[in-house]
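To start, the structure itself, in structure tokens.
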Number of protein chains: 2
Amino acid sequence: MAADQVEQVRRFNRTVAERVGVLNDHYLGGARPYGQARLLWQIGDGGTHDVRGVRERLGLDSGYVSRLLRALERDGLVTVEPHPRDKRVRTVRLTEAGQRERAFLDDRSDALAASLLDPLDARQRERLTSAMAEVERLLTASMVSLEELDPGHPDAAHCLRSYAAELGGLFDGGFDPGHSLLPDPGELRAPRGLFLVARLHGEPVGCGGLKLPAGAPAEIKRLWVSPGTRGLGLARRLLSELEAHAARHGRDRVRLDTNKALEAAMRLYRDTGYTEIPAFNDEPYAHHWFEKRL
Amino acid sequence: MAADQVEQVRRFNRTVAERVGVLNDHYLGGARPYGQARLLWQIGDGGTHDVRGVRERLGLDSGYVSRLLRALERDGLVTVEPHPRDKRVRTVRLTEAGQRERAFLDDRSDALAASLLDPLDARQRERLTSAMAEVERLLTASMVSLEELDPGHPDAAHCLRSYAAELGGLFDGGFDPGHSLLPDPGELRAPRGLFLVARLHGEPVGCGGLKLPAGAPAEIKRLWVSPGTRGLGLARRLLSELEAHAARHGRDRVRLDTNKALEAAMRLYRDTGYTEIPAFNDEPYAHHWFEKRL
DNA sequence: GCCATTACCTGACTAAGGTCAGAGAATGGC
DNA sequence: GCCATTCTCTGACCTTAGTCAGGTAATGGC
């Protein structure tokens with residue numbers, strides 16, 4: 001890794017995290033302690049929420065949240081009631097005053113953002129916001145982790161279901177994995193193959209499988225990226241990781257088949273060094289076959 | 001201001017401040033409390049520093065710093081000694097253990113930065129770091145504030161000295177403000193004119209003066225931006241602010257003269273709507289004269 | 001030599017953010 | 001109906017990051 005890139009990231013962390021933090025304190029501080037504000041924000045704007053769920057999303061201690069809720073209750077910003085169906089669980093909702101407070105915090109946040117944009121001219125604002133979007137996008141991409149999972153794992157299954165559902169909508173005549181050449185994802189289990197799941201904040205957001213048939217090229221299967229995380233280069237990363245696994249298992253070629261409806265996928269294959277070859281299987285859903293030498 | 005830009009800035013603040021913060025805690029937390037780490041960092045890598053100076057740069061309470069120093073001293077990371085020439089002042093320096101600790105924090109910071117870059121491919125790293133540099137640059141630009149100061153104010157005087165020193169190096173035959181048409185910056189004092197100083201973190205980093213002669217167009221003088229803050233659009237901002245002042249004082253034209261050595265300045269003038277006109281004064285250091293209708 | 005000022009230290013205090021170990025009530029599986 | 005589990009709450013406790021009001025020693029201007 002280039003040292004000047006590391007240095008740039010460090011400088012960014014220092015200046016931005018610090019300066020934005022200072023401004024944050026200036027604009028939002030004083031109004032309400034950070035913990036309470038976070039809670040207020042998470043509870044949202046009117047609906048009821050399980051305390052449990054809120055706690056989980058914020059990753060806070062149960063006792064701590066309880067105390068924060070008492071504080072907000074004392075100030076008349078929230079009401080807490082037992083869940084109608086499970087009286088162990090308690091639900092929380094904002095009162096009108098709570099919604100006003102939340103709107104106030106919202107305004108302060110807007111004011112903070114505006115104070116950053118205000119001294120800049122139109123062109124600079126444009127450049128700042130698009131650079132911010134880029135940083136955000138790439139940081140998000142870098143928070144995605146890949147993990148080798150059993151295809152039967154709930155997260156893997158989730159991805160496979162999403163994959164099938166999406167293809168069902170795209171292919172003429174739908175898609176039924178039971179009719180494909182890979183009716184059983186168990187073929188993507190060691191030692192006959194492997195299955196990778198990509199996660200963002202713990203949620204599965206993509207997957208890819210590799211078949212490792214004995215004495216034959218490895219084969220990419222079930223490459224999928226969730227709609228919300230496209231454009232992060234995730235498919236490319238899954239693909240290159242699967243290729244690395246294939247190489248580690250002694251294969252010098254990787255093959256795959258794909259459907260004509262999957263144009264973005266085919267573009268990816270061509271961009272990353274795959275070339276189209278004649279059909280090497282009789283997968284009913286495939287129109288194109290590709291190969292790459294590793 | 002565009003609402004979607006405000007929204008983008010807010011999203012950026014949330015995700016970046018939070019995510020980088022979390023990673024920061026993960027990598028740097030536990031090692032040493034933030035306050036101590038900051039102090040350790042500021043004391044630097046071997047030399048001695050006045051406690052006073054360190055405190056000032058970090059903007060911390062004297063009592064607080066004293067306590068932090070005691071803690072670092074207890075851990076054998078720093079030694080504190082009276083200043084040889086002024087025994088009220090105390091100087092602090094890192095011990096060897098302190099330097100090791102600082103190097104350790106340094107490594108952790110590098111590891112943090114690397115952990116962000118690591119999952120990305122070369123192209124993405126390139127894009128991330130350049131977007132980070134852009135964000136940093138523009139946020140720095142937006143932290144610059146303009147203030148109307150008396151030209152005799154120490155910060156104003158600092159800018160004027162720097163201006164003269166720089167021109168002295170650039171012009172054939174040097175530059176002596178005493179020989180220019182504005183020997184006395186007092187002409188840039190209300191009601192005959194005004195003087196703006198740009199500050200970044202309190203330090204003066206640029207200036208610009210406006211002469212408001214009765215019954216004549218306003219005149220831009222002494223426009224200067226410190227070398228370290230060039231490329232932030234600061235000159236453009238000073239210029240447009242001065243023009244706004246001129247308009248507020250009822251002028252419909254602004255004029256200025258400049259030296260042929262100041263190519264960047266002339267580019268700026270042309271870019272922002274100035275057109276070259278015949279000499280309107282006999283300024284000995286000028287080769288070009290410009291005017292803009294407001 | 002006096003005295004205001006400067007630099008630092010100490011003690012007392014505060015608020016926020018958080019952890020941990022139960023207690024108590026409700027629930028679900030058997 | 002019993003019992004382990006789940007969910008929330010409470011009390012006790014801790015660390016960090018400060019702030020504020022003096023106190024002490026050294027210094028510099030007069």
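Lettering follows sequence order; numbering is per chain, from 1. Bear in mind that the values here come from a model prediction, so they are computed numbers and not experimental data.
- The main-chain N or O of B/L232 is never found under 3.5 Å from a side-chain atom of B/R237 such that the two would form a donor-acceptor pair.
- Just one of B/L39, B/V65, B/L68 meets the side chain to side chain contact (heavy atoms under 4.5 Å, CB included) condition when paired with B/L58; it is B/L39.
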- Task: Could you please spell out the steps behind the side chain to side chain contact (heavy atoms under 4.5 Å, CB included) verdict for B/R189 and B/L194?
- Result: CA-CA 5 Å; B/R189 180 178 289 145; B/L194 59 93; over 6 Å; no
- Query: Given the rule in the side chain to side chain donor-acceptor pair (under 3.5 Å) test, do A/R70 and A/S66 qualify, once you have shown the distances and angles that lead to the verdict?
  - Reply: CA-CA 6 Å; A/R70 287 307 78 69; A/S66 188; 3.3 Å; yes
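- When rounded to the nearest whole Å, the span between CG of A/D50 and C1' of D/dT8 equals 12 Å.
- The side chain to side chain donor-acceptor pair (under 3.5 Å) check on A/Q99 picks up nothing, with sequence neighbours excluded.
- Interface residues of residues 85-93 of chain A facing DNA chain D, ordered by number: A/R88, A/V89, A/R90; criterion, heavy-atom separation under 4.0 Å.
- For the residue pair B/S62 and B/R55, the shortest heavy atom distance occurs at CA-CD, 3.3 Å.
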- Item | Footprint string (nucleotides 14-24 of chain C, 5' to 3'): B base within contact, S backbone only, - free, heavy atoms under 4.0 Å | --SSBBB----
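- Rounded to a whole Å, the CD atom of A/E81 is 14 Å from the P atom of D/dT8.
- Although no hydrogens or angles enter the test, the distance criterion places a donor-acceptor pair under 3.5 Å between the side chain of A/R137 and the main chain of A/G231.
- If you check every strand for non-hydrogen atoms under 4.0 Å, B/V65 touches nothing.
- Contact check on A/R32 versus A/D75 returns a salt bridge, with a Lys/Arg side-chain nitrogen under 4.0 Å from an Asp/Glu carboxylate oxygen.
- If you take CZ of A/R52 and P of C/dT27, they are 13 Å apart, rounded to a whole angstrom.
- Taking atom CG of B/L40 as the reference point, atom P of D/dT16 lies 15 Å away to the nearest angstrom.
- For DNA chain C, the stems formed by at least three consecutive Watson-Crick or G-U pairs, with both atom-pair distances below 3.5 Å, span C:1-30 with D:1-30.
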- Dump the intermediate steps for side chain to side chain contact (heavy atoms under 4.5 Å, CB included) on A/H49 and A/R93, then the final yes or no. CA-CA 7 Å; A/H49 296 258; A/R93 68 184 309 168; over 6 Å; no
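- A/D106 has a carboxylate O that lies under 4.0 Å from a charged side-chain N of B/R10, or vice versa, which qualifies the two as a salt bridge.
- By the neighbour-count criterion of 12 heavy atoms within 6.0 Å, atom CD of B/E56 is sparsely surrounded, having that number or fewer from other residues, nucleotides or ligands.
- Shortest non-hydrogen contact noted between A/D118 and A/R125 is O-NH2, 3.3 Å.
- Under the side chain to side chain donor-acceptor pair (under 3.5 Å) criterion, B/E148 pairs with no residue at all, not counting sequence neighbours.
- Contacts between residues 69-78 of chain A and DNA chain D, defined by a heavy-atom separation below 4.0 Å, involve A/R70, listed by number.
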